[in-house]
J.: 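Sending over a structure as structure tokens; questions will come in a sec.
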Amino acid sequence: LSPRSLSPRFHIHTHTHTHMLFWVHPAHTAPFRAWNDLDCHCFGACRDRINRNLRSVFAAAATLYDYKVALDRKPESLPEIHQRVADRWYNVCRDNAGLYIKIGQSVSAMNHVLPPQFTSMFAQLQDQAPSSPLKDIEPIFQEDFGRPVSEIFSEFDSVAVASASIAQVHRAKLKDGTVVAVKVQKPDIRHQVPWDLACYRLLVYLFEKSFDLPLYWTCDDVCENISREVDFREERKNTERAKKELEGAVPNVYVPKLHPELCTKRVMVMEWIDGVKLSDQKKIQEMGFSVSTVVTTMLSAFSHQIFLTGNVHCDPHPGNVLVRKDPNNPSKHQVVVLDHGLYVFESNEFRREYAKLWKAMVLLDTEELKRICTSWGFKDHELFASIQLLKPFHSSHRSVINHKTTRKDVLQLQLDAKARVRDMLSQTHLIPRELIILARCMNILRANNKQFGAPVNRVAVMARYAARGAALDEGVSEFRGMKRYKAIMSGFVVSMHIWLIGVVFHASQAWKKVNFYFGNKNALGFEESLEKQVKETLEHKLGFRVSTGSLG
């Protein structure tokens, strides 16, 4: 017996485990149908959200058991426990999808901190953000615009050209024939996010109490940024601001134009850009452009935001950075920056201090470095500088202790890591909240450069912008007499230090090419050498045994 074979007087109300048949007067059929739709949509969605959270809670409980009980019983099994926990949370992210995919993708990019078991496992999530079918996203247009897709666009490709964790992009044509990119939020994301963030807060709180580590202090900023990211009205503001601040200020950089009248909380319409991803080295070279020139432009754009404007795009992965020929001058390249959802807005004070921090690191100004680190609650200024530069920093010019260690020594370092991290984060109330999301941006920029074999001296490019940021706030143009002379000399010294960094960079790259020519394909280039030394620094200082994979 099927619903279609029943007379209009009957209505089937279906639950998960029961099928009940009611006789209903024809006049009352509509309310029952409405209740059935409400049950399927509201209660079904609610059940799905509860299941998502239960998966996370059960995974958290099992993780607590592994690290609090199983590890104490058998300390030498730490690698196996890491693998078991990584497998468990990978499955949770894959099954829950949505925001969990985004979190998992972020985890895969933290190979300078997390054990290799985590980064290698979560790297599989990079291509696991399936798109929703057109029939599921059509109601969004009806709700936001009050009219169907066919009345807004003359053409609309039913298959998404790109899909991420919270949104997908379709190619379409406006009624006047203009080709546009339509970014639309995936169904149920707006309902899932509050539940997911509440679960995230609970899990972080439980882990903080269980492991006695300061973790919860990051929650407010993480949740606030994610909430802003799912509101496309915020992304519209960020896009318009970036277009004003980047175009013209940084050569060969472009931000797509928006169609503001077609932008809502869940839909964004912008000009269509034909370009190739930053990661596609072969196609970039086929267009006749130097990879090093393109990467330099990319680093300059984000350095300009970090040190000069203070409005920073914090998701610069290769899918969000396209390369094309300049429409006005095809012989020149153009770097197109997309997806302005995740931003950090630096206060003037933080931007000024961060520029001074980089300047102090370049000049090896230990006193200034200590001053800034102390004001931010970090006791070990050399470790903090190494993390910010993503290269080893030693004010004494000495290399990292690199003595041979036994397996027992390594295990003990890892087991002592908690106390070391707790000591480093003992004054979280002083830590600038901008650093939480900014660290993600810095790490992705490093990874973007490294994936090409580090053709660009990343540290030197960013240091130049930091020096400009520091000079801007010191008001060099207003100085007179001795003050102006000192400021000019300071700028000269910074330039000399950057030049020396460049010499080391080019020597390192040349050494790698010589070794490669003679058959030694394992020789390390500049970025690889820095990464290896940062790994050793973290292992020595904190006890982390980390991976040096290419995802960065």
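Counting begins at 1 with the first residue of the sequence.
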J.: Give the minimum heavy-atom separation between L71 and L78, together with the two atoms involved.
T.: CD1-CD1, 3.7 Å
J.: Identify whether the distance between the nearest side-chain nitrogen and carboxylate oxygen of R351 and E434 falls below 4.0 Å.
T.: no
J.: Look at E349 together with R352 and state whether they make a salt bridge at an N to O cut-off of under 4.0 Å.
T.: no
J.: With sequence neighbours left out, write down each residue that passes side-chain contact (heavy atoms from CB on, under 4.5 Å) with N53, or none if nothing qualifies.
T.: Y100, W195, D196, C199
J.: Please round to the nearest 0.5 Å and tell me the distance separating atom CG of D220 and atom CD of E224.
T.: 8.0 Å
J.: Search all heavy atoms of V57 against all heavy atoms of L203 and return the closest pair with its distance.
T.: CA-CD2, 4.3 Å
J.: Under the 3.5 angstrom rule, does the side chain of S375 hit a backbone N or O of I372 as a donor-acceptor pair?
T.: yes
J.: Distance check, rounded to the nearest 0.5 Å: Y343 atom OH versus I437 atom CD1?
T.: 14.0 Å
J.: Do the side chains of K183 and D339 get close enough for a salt bridge, i.e. N-O under 4.0 angstrom?
T.: yes
J.: With no hydrogens and no angle check, do the side chains of R241 and N238 hold a donor and an acceptor under 3.5 Å apart?
T.: yes
J.: Quick one: CG on L338 to CD1 on I273, what's the gap to the nearest 0.5 Å?
T.: 7.5 Å
J.: Under a 4.0 Å threshold between the charged nitrogen and the carboxylate oxygen, would R52 count as salt-bridged to D95?
T.: no
J.: Give a yes or no on whether the backbone of P316 and the side-chain of N320 come within a donor-acceptor separation of less than 3.5 Å.
T.: no
J.: Would you say N449's side chain and V295's backbone share a donor-acceptor pair under 3.5 angstrom?
T.: no
J.: So H82 and Y67, ring pair (Phe, Tyr, Trp, His ring centres under 6.0 Å) or not? Walk me through it.
T.: CA-CA 9 Å; H82 281 330; Y67 285 123; 5.8 Å; yes
J.: Donor-acceptor pair, D365 side chain versus M361 backbone, under 3.5 Å?
T.: no
J.: Does the side chain of S279 come within less than 4.5 Å of Q451's, by heavy atoms?
T.: yes
J.: Is it the case that more than 12 heavy atoms not belonging to K265 sit under 6.0 Å from its NZ atom?
T.: no
J.: Looking at A86 and M121, what are the two nearest heavy atoms and their distance?
T.: O-CG, 3.9 Å
J.: Rounded to the nearest 0.5 Å, how far apart are NZ of K186 and CD1 of I189?
T.: 7.0 Å
J.: Does one side chain, of H191 or D188, offer a donor that lies under 3.5 Å from an acceptor on the other?
T.: no
J.: Hey, do the aromatic rings of H333 and Y254 have their centres closer than 6.0 Å?
T.: no
J.: List in chain and number order the residues that pass side-chain contact (heavy atoms from CB on, under 4.5 Å) with E240, two or more places apart in sequence or in another chain; answer none if no residue qualifies.
T.: R236, L258, P260
J.: Using 0.5 Å steps for rounding, measure from the CD atom of Q305 to the SG atom of C314.
T.: 8.5 Å
J.: First locate atom NZ of K359, then atom CZ of F307, and finally report the distance between them rounded to the nearest 0.5 Å.
T.: 13.0 Å
J.: Would you please name every residue forming a salt bridge (charged side-chain N to carboxylate O under 4.0 Å, His left out) with K379, sequence neighbours left out?
T.: D423
J.: Do D315 and R440 pass the salt bridge (charged side-chain N to carboxylate O under 4.0 Å, His left out) test, and can you show the C-alpha distance, the side-chain angles, and the key distance before you say yes or no?
T.: CA-CA 8 Å; D315 197 15; R440 167 190 170 88; 2.5 Å; yes
